[in-house]
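Shown next, in structure tokens, is the structure this report addresses.
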Amino acid sequence: MKRVRVRYAPSPTGHLHIGNARTALFNYLFAKHHGGDFILRIEDTDIERNVEGGEESQLEYLEWLNIMPDEAPHLPNPKYAPYRQMERLDIYNVYVEELLEAKHAYKCYCTSEELEADYEAQKAAGHPSTRYSRKCLHLSADEIAANEAAEKPFMVRLRVPDAETYTFKDMIRGEVTFESKDIGDWVIRKTNGIPTYNFAVVIDDHLMDITHVFRGEEHLSNTPRQMMVFRMLDWETPTFGHMTLIVNSEGKKLSKRDNSIMQFMSQYREAGFLPDAMVNFMSLLGWSPGNEEEIFSHDRLIEIFDENRLSKSPSMFDKDKLMWMNNRYIQVLSPEDYQALVVPFVKAKYDTSNKTDEWINLLIGLYQSQLQYGEEIVELVKPFFEDFTVLESAKEFYEAETTETVRLALLNEINAIEEWDAVNIKAAIKNVQKETGIKGKPLFMGARTLTTGSDHGPDLANAILLVGKDEIINRLNR
Ligand code: GLU
């Protein structure tokens, strides 16, 4: 078997989107599973849409996810470089010439105004889909010579065969068929000399020895166009697999404008999601291992990835599941890694100048088992940085009759503590129970609301510890 070579081919038009990240991931997993190469190619021929820093950003977030390319613009294999399409224009021109020569393509001198007018006329006449009239295919030799003498700008169009069938076995959908009669003569090189996506992609996939192509289903209808070029140049077509859509909980395709779902890897990193959790989550968007297993390490994913288990139905982006999964990864972080993830959020939000690292680490440590993403810590630890107030939901306990008894006893016990630590605080609470006979909810909710103002929070003894002895006494002296 040929060495597996796959590519992720983004246009540098912005940050890494979850749909593209999934495409990159599945190509990567497939390559690594089969011991092949994963290539990053930059499809920058749509020059108006390129954004400054778009390429760097794609790479930056792939690296964040640990989806490392074997070949890329900065990691060239001399046999295949360059990896940016705008640096390959000479290469495309060779094949444009070859197709012109073989009469598989022809020059089209129509202006955009003429084309526009023609399409309008077709629409007015009720044609369901407009297509190029082939006016320039039928130019006489004299007309062509006149255009050339006048140096009229031209584009190059593929002369689509009249009755050809394009059938391929999609790795996900099975057999798919298109007919050439449904496709008009399309442009392979624009008047500005830049090839179109459907043309450049074929030249590159061939010259880069790409064996398999996993991409989004929006490219399915491009595939017959690409197949005709492969056929005309007498090249072997790679194996295609078109992945199904990612949809929201209402079954609608994720739209980049939908603000209810974070869709860019940059947003996830900023909010304190973990790259391994993101990879794990994305691996299940349109793929499944065929059993109940849901948490996989990077290496385990490579080992078990099986292209035959890519799903045929749309994959639902389930936010809750992502939260659950990220939490699972946070739970098992080492203290150092957990602190590295979480402390920056605390420090960015609150004045910690009078807190020790030990205090901060103890505080955030109380939330490790429940934290869903780094930034969530900000709300959770808020009570420890703000002036004491009693939450509305806590008032019932704060004002209960038993709470007054708890208050007096706890004040005594707290005052008596010499070594301020969680063990002694726990013992103090226990003593309050013994002395007052109050236990269970009235005791704990009373003590909690008196000391923290909240009816919920982390382990009570630790919460009291973190608030500090003097402040606790202040609060108990209300
Ligand atoms: N540049 C294309 C895109 O960003 C790549 C499509 C393909 O993989 O062929 O969608």
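Remember, it's 1-based here, ligands and their atoms both numbered in the order they're listed. Just so we're clear, the structure is a prediction, and the values are computed from it rather than from any experiment. Along the sequence shown, residues carry numbers from 1.
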*Under a 4.0 Å N-O cut-off, is there an ion pair linking R309 with E307?*
no

*Test applied, side chain to side chain contact (heavy atoms under 4.5 Å, CB included); reference residue, D209; option that passes from K2, K79, R3*: K79

*Does Q226 come within less than 4.0 Å of ligand 1, judged by its heavy atoms?*
no

*Atoms in ligand 1 flagged as close to S11, the criterion being non-hydrogen separation under 4.0 Å*: 1 (N), 4 (O)

*Got Y61 and H17 here, is their nearest side-chain heavy-atom distance under 4.5 Å?*
no

*Would Y28 and F38 count as a close aromatic pair, with their ring centres under 6.0 Å?*
yes

*asked:* Quick check: do R5 and E71 have side-chain heavy atoms less than 4.5 Å from each other?
replied: yes

_Check for me whether Y197 has a heavy atom closer than 4.0 Å to any atom of ligand 1._
yes

*Of the choices E43, R215, E218, which has the non-hydrogen atom that lies closest to atom 1 (N) of ligand 1?*
E43

*Among protein heavy atoms, which lies nearest atom 4 (O) of ligand 1, and at what distance?*
A9 O, 3.5 Å

*Minimum-distance pair of heavy atoms, taken over all atoms of Q372 and N326*: O-ND2, 2.7 Å

*Ligand-residue contact atoms, ligand 1 with V201, heavy atoms, under 4.0 Å*: 9 (O)

*Taking both backbone and side-chain atoms of V213, is any N or O found less than 3.5 Å from an N or O belonging to ligand 1?*
no

